[in-house]
Amino acid sequence: MSSDLLAGLNPEQLRAVTWPAQSALVLAGAGSGKTRVLTTRIAWLIQTGQISPAGVLAVTFTNKAAREMQARLSAMIPVNVRTMWIGTFHGLCNRLLRMHYRDAGLPQTFQILDSQDQLAAIKRLLKSLELSDEKFPPRTVQHFINGNKEAGNRADRLTAHDYYGQKLIELYATYDAQCRREGVVDFAELLLRSYELLSANQALCQHYRSRFRFILVDEFQDTNRLQYAWLRLLAGTDNALFAVGDDDQSIYAFRGAEVGNMRSLLRDYGIGDAIRLEQNYRSAGTILKAANALIEHNDGRLGKNLWTEAGDGEEIRFYEAWSDGDEAEFIVDEARALKREGLNLSDMAVLYRSNAQSRALEHALVNGRIPYRVYGGLRFFERQEIKHALAYLRLLANPEDDNALLRVINLPARGIGARTVEGLQAASAEGGMSLWQAVCGAGGGKRATSLAKFVLLIDAMRERSEGLTLAETVSLAIDDSGLRAMYEQDKKEGEERLANLDELINAAAAFVADEPSLALIEFLTSAALEAGEHQAEAGEDALQLMTVHAAKGLEFDAVFVSGLEEGLFPHENSLNDDKGLEEERRLMYVAVTRARKRLYLTCAQARMLHGQSRYPIRSRFVDEVPAALVKVLSSQSASASPAAPAAWQSAPAPRRSTAEIGGFRIGQSVCHAKFGLGVVVNAEGAGSDVRLQINFAEHGMKWLDLRYAKLQPA
DNA sequence: CACCGCGTTGTTTTT
DNA sequence: CAACGCGGTG
């Protein structure tokens, strides 16, 4: 009964769940029961007969979120979730393109390029066009292409005002031609292609419009322009677009997310006002007050204030360490203490701005014998040995896949070197054929022997794989290609890589294809689309380490937000404009709202970065937390400059609490007998052996040894 | 063709 | 402090 379904919802949640068949924007704060609202609404729509399961279209950003939604739904109502279209934008577009590959102008076996593959393809293209990657950095080209695809622009619709721009457009066009020839599709292409498929094909579009009367979108603040256009296309004028998001948690603008889509949605669909979910079920009051105060510093918000029925709870703890090592040791000690108090390590997280920061933490954790687990970094299907094995499989499925061929034509080494490959590329460009065709057509000579052997190898593999199961095929590819033998030779990393290859065989064995005859194609697709969620946790209770980005959507009893220093968090590359700074602040907001009971903020007065010591000042975000909510924990630095809460509430001007080194501080103006006026920008050393880096007005950057240099404050 | 060593260069990340 | 890319040598 629907009464069961709706039981326990608060009034706002209830309003959102039972919203009539119209478009809506739900502004869902952190910990306000967003996923519950989304899934309950789907269940309610089905239960009240407003749609059939096949009429559900629900879009998420990660596969994990999609799976969670499916799991919760099948727990709520007896329904086959496979009939529903619940998935990521890319997953759903893939589904669409597979079903209508002819209309979309794609081969049935089209494969998906992940970002790595795309970059490799672009590098290859630049090389074949003899463009220096200094003038055309591959990453810049990649960014240009993806940015334009996400704006819905094909190369032929672009115009340039200068030579450089013109070249980029040409590159874009040539890249697309290359992808078409090879039968591959990048991530942005999945979206753009399915957008074009629907907008060019009235009947098809109408079919889906009448099917998906209710479209639900999660994490709407993270959608880009093309994704919003795609949603609008499917919604047409009659369907209800139900979007859930939080502008304060928009942390992916750097890769094209448009928070502005939230305002656009209100305008485009004549939605009077957003439904606000502001009651928080996660964090203690003090933590929420801190989060609210912090995010208040941003402009142009849709506006929202989190509150809770729970009490204030504990104070927020702030610790300013001497060094990054000291900071890490502090965290280790506190984690150990919390564990003694009965908290599981897995209910505690250490968050940081960038991955490089995990090193110092890991070092201290190993020394302190605290088990930990680092999230992020290399994912399963991105590992090189896995990529190599997949490349052989892709060649079996489609020998025209130049990317795959180049990856493994000489791996393991079989006497086909760079010069030979260059020759092949020249031949393929000249003859307008794929590399595989060029390999097959190579003439006589010594080189041709090794090339002919390679053709024989791949063809033999394909023949032998006939009638085999997917797992057997994967295993065969690993063995026959010589990959296994190659890694068996490798003393250093071979063992782990072999284990991963075996894991790949296991994954293939567990893979269930929709269409058995396409099992290999489907397996390769899912490898690209789900680069591999982090593997199932080993049983051990471990402290969780991850970037703030990776922590979005998660929650922990205790959270350490570390490295709160200007230049690190907020990151220095974001300090140039207000937009960048505001995104950093939202990142901080995400970090703070991960904590249920206890929140630590930590920073260090000295930090190793890029092999150099830096002496940063405390992050402005620390100062944006009201002092009354914070308990400053004593440290050695506290005695040097007593950090009385009142003292660090003198915002907005950041106080200089930099460590002194040799009587000088970073940022200080100094005067040198010979070089004149300058500013201290960096320092290293200790005791009497101190060196300062100084930017002199007249003489530029210099390192000076304090023992010899005659330096005085200016 | 393969390997070694030097110099450069460093965000965040899902699909 | 790393990881990666390039250029030179065996």
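The sequence lines fix the lettering, A, B, ..., with proteins before strands; numbering per chain opens at 1.
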With sequence neighbours excluded, residues passing salt bridge (charged side-chain N to carboxylate O under 4.0 Å, His left out) with A:D247 |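 Here no residue qualifies.
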
Lys/Arg N to Asp/Glu carboxylate O, [X] vs [Y], below 4.0 Å:
X      : Y      : answer
A:R301 : A:D246 : no
A:R586 : A:D248 : no
A:R72  : A:E68  : yes

Rounded to whole angstroms, how far apart are [atom1] on [X] and [atom2] on [N]?
X      : N      : atom1 : atom2 : result
A:F380 : B:dT14 : CZ    : P     : 17 Å
A:M608 : B:dG10 : CE    : C1'   : 15 Å
A:L119 : C:dA3  : CG    : P     : 19 Å
A:L126 : C:dG5  : CG    : P     : 14 Å
A:D218 : B:dT15 : CG    : P     : 13 Å
A:L609 : B:dT12 : CG    : C1'   : 14 Å
A:R607 : B:dT11 : CZ    : C1'   : 14 Å
A:N410 : B:dA2  : CG    : C1'   : 10 Å

Where the side chain of A:R379 is defined as all heavy atoms beyond and including C-beta, which of B:dT13, B:dT14, B:dT11 is the nearest nucleotide?
->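 Of the options given, the side chain of A:R379 lies nearest B:dT14.
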
Residue A:T420, side-chain heavy atoms: nucleotide from C:dA2, B:dA2, B:dC1 that is nearest =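 Selected nucleotide: B:dC1.
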
When only distance counts, do a donor and an acceptor, one from the side chain of A:S115 and one from the base of B:dT15, lie under 3.5 Å apart?
->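 When only heavy-atom distances are counted, A:S115 does reach the base of B:dT15 through a donor-acceptor pair under 3.5 Å.
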
Does any N or O donor sit under 3.5 Å from an N or O acceptor when you compare the side chain of A:R353 with the base of B:dT11?
->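 Per atom types, no contact qualifies.
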
Examine [N]: is either OP1 or OP2 under 4.0 Å from a nitrogen or oxygen in the side chain of [X]? Give yes or no.
X      : N      : result
A:N63  : B:dT15 : yes
A:N94  : B:dT15 : no
A:N146 : B:dT15 : no
A:R359 : C:dA2  : yes

Stacking between A:F187 and the base of B:dT14 (centre distance under 5.5 Å, interplanar angle under 30°)?
->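 By the stated criterion, A:F187 and B:dT14 do not stack.
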
Going by 5.5 Å between centroids and 30° between planes, is there a stack of A:H571 over B:dT11?
->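 Stacked: centres under 5.5 Å apart, planes under 30°.
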
Which part of the nucleic acid does [X] contact within heavy-atom distance under 4.0 Å: base, sugar-phosphate only, or nothing?
X      : result
A:A413 : sugar-phosphate
A:K123 : sugar-phosphate
A:F89  : nothing
A:D114 : nothing
A:N355 : sugar-phosphate
A:F61  : sugar-phosphate

Testing A:Y195, A:Y208, A:F89 for ring pair (Phe, Tyr, Trp, His ring centres under 6.0 Å) with A:W230, which one passes?
->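 Single pass found, and it is A:F89.
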
In terms of the nearest nucleotide of DNA chain B, which residue is placed more toward the 5' end: A:E584 or A:R255?
->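 Final value for this comparison: A:E584.
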
For A:A356 and for A:T88, locate the closest nucleotide of DNA chain B by heavy-atom distance; then report the residue assigned to the nucleotide nearer the 5' terminus.
->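 Result: A:A356.
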
In B:dT11, glycosidic geometry as syn within 90° of 0 or anti otherwise =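 With its glycosidic angle within 90° of zero, B:dT11 counts as syn.
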
Above 12 or not: heavy atoms from other molecules or residues under 6.0 Å from CZ of A:R139?
->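 Atom CZ in A:R139 is not crowded, with 12 or fewer foreign heavy atoms closer than 6.0 Å.
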
Where the side chain of A:R618 meets the backbone of A:E565, is there a donor-acceptor pair that is under 3.5 Å apart?
->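 Between the backbone of A:E565 and the side chain of A:R618 there is no qualifying donor-acceptor contact (under 3.5 Å).
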
